[in-house]
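Worksheet: the structure to be examined is printed underneath.
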Protein chains: 2
Amino acid sequence: MSATAQSSPKRDHLMATAWRLFYRDGLRAVGIDTILGEAGVAKMTLYNHFASKEELIIAILEKRDLEFRTSLMAQVESAGTDPEQRLLAVFDWLEGWFGSESFKGCVFIRAVSEYPEPTHPIHQTAWRHKIAVKAALTDLCGAAGAKDAVALAETLSFLIDGAIVTAHATQTTAPARSARVTAAQLLKLATA
Amino acid sequence: MSATAQSSPKRDHLMATAWRLFYRDGLRAVGIDTILGEAGVAKMTLYNHFASKEELIIAILEKRDLEFRTSLMAQVESAGTDPEQRLLAVFDWLEGWFGSESFKGCVFIRAVSEYPEPTHPIHQTAWRHKIAVKAALTDLCGAAGAKDAVALAETLSFLIDGAIVTAHATQTTAPARSARVTAAQLLKLATA
DNA sequence: AAGAAAATAGACAGATCTGTATATTTTGTG
DNA sequence: CACAAAATATACAGATCTGTCTATTTTCTT
């Protein structure tokens, strides 16, 4: 088995366990041994699948990025065809997320916080997620008729990230509602 | 010397060195020994002034909170008496901060990220700063004639935190400008 | 100058960290 | 069954972590 294999039961199980612990306690706070103990997997199995803890973290972040955006866009699709409703569906999705049992903020913001040097591979991987989300928002803003879709998407990104951090620290879902109201106002301004 | 003493040259020097390293590399990433080596201070001196690394971190966060808000309010004061200009001065202050040499985001957001459990003393201390800033923003929003100053201040808080994270990851000051424009729009809406 | 307070060096404990090496056992496949 | 791949247990290296202890020296105050 090579370290470049993209999937296997053991690898998936390892990533699932690591994800849970990393998200709950933090990337630096969780050691390899803790993950291995919790997963019931031998250390060499981890190092046969991943070159290092750093590569494990990066693999997890990339997986979460896909899952996150897939889930978000599914909610957008379920909102129908009205462009405004599709954009605002993003905030409904946030509300559900904030209310979920194990919600502990945004792992990407947290990764950027834990690896503050912008050149660090983990920092860069985490930020690529934010760029991807902003691109999706830009599409939604453009479809909704925003004159400057890029600018509105950036503003909504700020709003969303701020709401996530507040929802995390306060353990409430209300920030999603507040942000939704503001988003609706900003969209109206941007299309006027 | 007791561990409750609030100030002394050694204590101040220790806190200044620790602050620099913590902010640059992260709270968990920097060990006590690194701080002591950089500061040129004996280990027992640290433990005579602080009960633990955690208490050192908390003391630093509380000090930074005061310095941060003092600096911010000084810029507000320098903006004169016009309530709108005073509120928007917050974003000018942000722009200066984002452009500063060693800018690495918001240590309070990063502390909340590194200690994700909301009951953790470090998490709580960091969040108290955000609450204090929001209170100051609420005053500025009220003075500027916002109908719901609390709601506007919360929205601006989201905007600010999001802009900080983006400025950090992208190493640019532009988010301050974007946020300023949006803040002006939202204030107009809130006073109409 | 004398006594008290503060800071020092340095060793140490005991745990934890990432990553490696090796030899054995399990698993899957032909 | 036989062979190869995968996973295992275990030990280990070497560094690092927070925090304690002790004995000595420096600094401050009176």
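Note that the structure is predicted; figures quoted are calculated from it, not measured.
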Next on the checklist: Could you work out, with side chain to side chain donor-acceptor pair (under 3.5 Å) as the rule, every residue matching B/Lys130, not counting sequence neighbours?
Outcome noted: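 Listed in chain order: B/Asp161.
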Next on the checklist: So, OP1 or OP2 of D/dT18: does either fall under 4.0 Å of a side-chain N or O from B/Lys53?
Outcome noted: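 Yes, such a contact exists.
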Next on the checklist: Let's see if you get this right: which residues in residues 36-43 of chain A place a heavy atom under 4.0 Å from DNA chain D?
Outcome noted: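 When residues 36-43 of chain A is checked for heavy atoms under 4.0 Å from DNA chain D, the hits, listed by number, are A/Gly40, A/Val41, A/Ala42.
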May I have the distance from [X] (atom [atom1]) to [N] (atom [atom2]), rounded to whole angstrom?
X	N	atom1	atom2	value
A/Ile35	C/dC17	CD1	P	10 Å
A/Arg28	C/dT16	CZ	P	19 Å
B/Leu46	C/dT8	CG	C1'	14 Å
B/His49	C/dA5	NE2	P	15 Å
A/Leu21	C/dC17	CG	P	12 Å
A/Ile57	C/dC17	CD1	P	13 Å
A/His13	D/dA7	NE2	C1'	14 Å
A/Asp25	C/dC17	CG	P	11 Å

Are [X] and [Y] within salt-bridge range, i.e. N to O under 4.0 Å?
X	Y	answer
B/Arg20	B/Glu38	yes
B/Lys43	B/Asp33	yes
B/Glu117	A/Lys104	yes

Checklist entry - Should the pair A/Phe103 and A/Phe98 be assigned to parallel (<30°), tilted (30 to 60°) or perpendicular (>60°) ring geometry? => result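 Because their plane-to-plane angle lies in the 30° to 60° range, the rings of A/Phe103 and A/Phe98 count as tilted.
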Next on the checklist: Determine whether the aromatic ring centres of residues B/Phe68 and B/Trp93 are separated by less than 6.0 angstrom.
Outcome noted: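 Centroid distance B/Trp93-B/Phe68: below 6.0 Å, so yes.
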Quick check for you: among [options], whose closest atom lies nearest to any side-chain atom of [X]?
X	options	answer
B/Lys10	D/dT8, C/dT18, C/dT8	C/dT8
B/Met44	D/dG19, D/dT18, C/dG10	C/dG10
B/Ser52	D/dG19, D/dA7, D/dT18	D/dG19
A/Tyr47	D/dT18, C/dT18, D/dT8	C/dT18

Quick one: which protein N/O atoms are closer than 3.5 Å to N/O atoms of nucleotides 23-29 of chain C? Pair and distance per line, please.
none

Checklist entry - Do B/Ser113 and B/Arg110 have side-chain atoms, one donor and one acceptor, less than 3.5 Å apart? => result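 No pair is found: no donor N or O on one side chain lies under 3.5 Å from an acceptor on the other.
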Next on the checklist: Could you go through A/Tyr115 and A/Ile57, starting from their C-alpha distance and side-chain angles, then the distance that decides it, and tell me whether this counts as side-chain contact (heavy atoms from CB on, under 4.5 Å)?
Outcome noted: CA-CA 12 Å; A/Tyr115 297 87; A/Ile57 290 173; 4.0 Å; yes
Item to check | Closest non-hydrogen atom pair, B/Ala89 against B/Gln75 | outcome: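 What the structure gives for the nearest pair is O-CG, 3.6 Å.
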